[in-house]
Amino acid sequence: MADPGTAETSRDEEFLKYRSPLVSRYASKEMAYNFSDRKKFTTWRKLWIYLAKAEKELGLPITEEQIQEMETNAELIDFKMAAEEEKRLRHDVMAHVHAFSHCCPKAAGIIHLGATSCYVGDNTDLIVLRDGFDILLPKLARVISRLADFAEKYADLPTLGFTHYQPAQLTTVGKRACLWIQDLCMDMRNLERARAELRFRGVKGTTGTQASFLQLFEGNHDKVEELDRLVTEMAGFKQAYLVTGQTYSRKVDIDSLSVLSSLGATVHKICTDIRLLANLKELEIQSLSPLRRTRLVRESFRTSLLINTESEPFEKDQIGEGVLQD
């Protein structure tokens with residue numbers, strides 16, 4: 001019988017290591033999986049299978065039996081063995097090549113054939129980025145749709161508007177929500193563009209050339225180009241980058257981070273608005289009776305009329321004076 005203390009230690013082991021609250025608290029189950037080691041290394045194996053299939057189709061001596069063996073074992077990852085191999089070899093990709101070869105002895109000689117580390121590393125990063133966008137975009141669309149329903153429902157409900165956090169003029173609850181929707185639609189456009197422009201690194205060698213594959217195919221340039229096209233298609237991409245070094249250009253990462261941070265800024269702005277409105281008790285008005293709600297709005301509006309326009313919280317010679325004079 002297992003020692004209860006040992007079992008408890010095993011269960012609590014994950015709490016002995018740093019865990020990011022960005023994942024444990026805020027990430028959805030599917031997004032957390034998208035960036036997981038399980039997704040990463042099963043994708044490596046899928047990429048090795050795509051490569052073997054394309055190389056077989058183009059005439060290299062690879063058998064269907066070898067490919068079937070790889071497909072059968074694609075999900076059977078021995079992470080402990082891979083960690084031991086990495087400690088011995090000091091190379092993460094070769095460690096997983098060895099771990100995969102262990103459960104695919106017939107295919108061992110053709111796994112990663114002609115490829116460089118970034119064939120699996122960088123192509124997997126691009127797949128993860130693509131799949132991440134595919135998780136995020138429908139969620140953003142739902143937010144916009146629900147906010148649109150909310151805006152339409154409260155299109156005529158008056159509420160006090162603010163400028164510089166001071167009472168100003170009447171607006172409507174629906175119009176205020178439309179401001180949020182407009183920003184989110186801009187983010188949707190930017191995210192869709194970034195998603196559409198993602199390409200595959202493709203089948204390129206150590207320095208971004210295809211010399212190793214040209215050697216495999218005995219100088220046949222057409223087969224090397226077709227290999228790149230076939231694997232790109234199998235991975236679900238329409239195009240591969242025409243030119244890379246060992247890695248794809250990190251401008252791709254910057255572009256992705258830019259649109260994601262822009263969405264983050266929008267969400268931060270919306271949440272800040274909500275917190276400020278809650279502090280002013282503006283959000284609580286929805287629970288009041290229609291008569292009480294109307295009286296409260298009128299009272300707030302009368303208060304705003306007592307504020308002289310010259311008492312804006314900016315002086316005329318400060319930054320922003322052009323806005324004040326418009």
Side-chain angles (χ1 to χ4, degrees), residues 39-71 73-75 77 89 91-101 104 106-134 195-253 255-256:
K39 167 69 177 281
K40 174 181 177 179
F41 295 122
T42 54
T43 302
W44 283 14
R45 292 188 174 190
K46 289 176 183 177
L47 288 167
W48 285 324
I49 293 169
Y50 300 154
L51 181 62
K53 284 183 173 181
E55 288 174 336
K56 175 180 180 294
E57 182 174 334
L58 293 169
L60 292 188
I62 295 171
T63 67
E64 188 62 32
E65 183 181 20
Q66 289 173 312
I67 291 173
Q68 288 180 357
E69 184 182 51
M70 292 168 71
E71 290 179 328
N73 292 282
E75 303 283 339
I77 301 177
L89 298 170
H91 197 292
D92 57 345
V93 174
M94 291 312 300
H96 278 269
V97 168
H98 282 235
F100 198 17
S101 298
C104 299
K106 296 176 182 177
I110 56 108
I111 293 173
H112 199 67
L113 184 59
T116 187
S117 298
C118 284
Y119 166 69
V120 288
D122 277 39
N123 281 324
T124 293
D125 287 345
L126 290 163
I127 289 170
V128 168
L129 280 176
R130 179 198 65 192
D131 293 352
F133 280 126
D134 288 345
R195 166 64 176 86
E197 291 182 358
L198 274 180
R199 296 188 180 189
F200 200 52
R201 178 190 177 275
V203 185
K204 300 174 181 68
T206 306
T207 60
T209 69
Q210 295 174 308
S212 59
F213 296 104
L214 195 60
Q215 184 176 0
L216 280 174
F217 288 103
E218 299 179 342
N220 190 320
H221 288 263
D222 291 338
K223 285 191 175 182
V224 172
E225 291 182 4
E226 182 64 6
L227 178 71
D228 201 353
R229 189 195 68 79
L230 285 172
V231 175
T232 297
E233 186 177 90
M234 290 179 192
F237 286 83
K238 294 180 180 179
Q239 292 179 301
Y241 293 107
L242 295 177
V243 179
T244 73
Q246 184 175 33
T247 69
Y248 63 86
S249 172
R250 294 314 184 213
K251 293 290 287 183
V252 177
D253 297 333
D255 283 348
S256 298

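In this text the structure is predicted, and so the values were computed from the model without any measurement. Residues take their numbers from the sequence shown, with the count starting at 1.
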Could you go step by step and tell me if Ile77 and Phe100 meet the side-chain contact (heavy atoms from CB on, under 4.5 Å) rule? CA-CA 7 Å; Ile77 301 177; Phe100 198 17; over 6 Å; no

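- Taking the side chain as every heavy atom from C-beta outward, Ile110 and Met70 approach each other to under 4.5 Å.
- Side-chain polar atoms of Tyr248 and Asp253 form a donor-acceptor pair below 3.5 angstrom.
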So Lys53 and Glu64, salt bridge (charged side-chain N to carboxylate O under 4.0 Å, His left out) or not? Walk me through it.
-> CA-CA 9 Å; Lys53 284 183 173 181; Glu64 188 62 32; over 6 Å; no

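- Residues forming a salt bridge (charged side-chain N to carboxylate O under 4.0 Å, His left out) with Glu65 (at least two apart in sequence, or on another chain): Lys106.
- Checked against side chain to side chain contact (heavy atoms under 4.5 Å, CB included), Ala95 has the following partners two or more places apart in sequence or in another chain: Glu85, Glu86.
- Taking a cutoff of 4.0 Å between a charged side-chain nitrogen and a carboxylate oxygen, Glu226 and Lys223 do not qualify as a salt bridge.
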Query - Trace of the side-chain contact (heavy atoms from CB on, under 4.5 Å) decision for Phe200 with Gln239 - result: CA-CA 6 Å; Phe200 200 52; Gln239 292 179 301; over 6 Å; no

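- A donor and an acceptor atom, one from each side chain of Trp48 and His112, are located under 3.5 Å apart.
- When all heavy atoms are compared, the tightest approach of Asp228 to Gln210 is OD2-NE2, 3.4 Å.
- Minimum interatomic distance between Leu242 and Arg199 (heavy atoms only, all atoms of both residues): CG-NH1, 4.4 Å.
- When all heavy atoms of Gly202 and Ala240 are compared, the pair lying nearest together is CA-CB, 4.3 Å.
- Here the closest non-hydrogen pair linking Arg130 and Ala235 is NH1-O, 2.7 Å.
- Tested against Glu55 for a side-chain contact (heavy atoms from CB on, under 4.5 Å), the candidates Ile67, Val231, Ile62 yield a single pass: Ile62.
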Criterion side-chain contact (heavy atoms from CB on, under 4.5 Å) on Phe217 and Leu227, from CA distance to verdict | CA-CA 10 Å; Phe217 288 103; Leu227 178 71; 4.0 Å; yes

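- A pairwise comparison of heavy atoms in Phe133 and Arg195 identifies CB-CD, 3.8 Å as the closest pair.
- Partners of Glu75 according to the side chain to side chain contact (heavy atoms under 4.5 Å, CB included) rule, which considers only residues two or more places apart in sequence or in another chain, are Thr42, Lys46.
- The two atoms that bring Thr116 and Lys204 nearest to each other are CG2-O, 3.6 Å, heavy atoms only.
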Using side-chain contact (heavy atoms from CB on, under 4.5 Å), reason through Leu126 and Tyr241 one step at a time and then give a plain yes or no. CA-CA 11 Å; Leu126 290 163; Tyr241 293 107; 4.3 Å; yes

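- Using a cut-off of 4.0 Å between Lys/Arg side-chain N and Asp/Glu carboxylate O, Arg229 and Glu233 are scored as salt-bridged.
- We find that Lys40 and Asp125 are not joined by a salt bridge, their nearest charged nitrogen and carboxylate oxygen being 4.0 Å or further apart.
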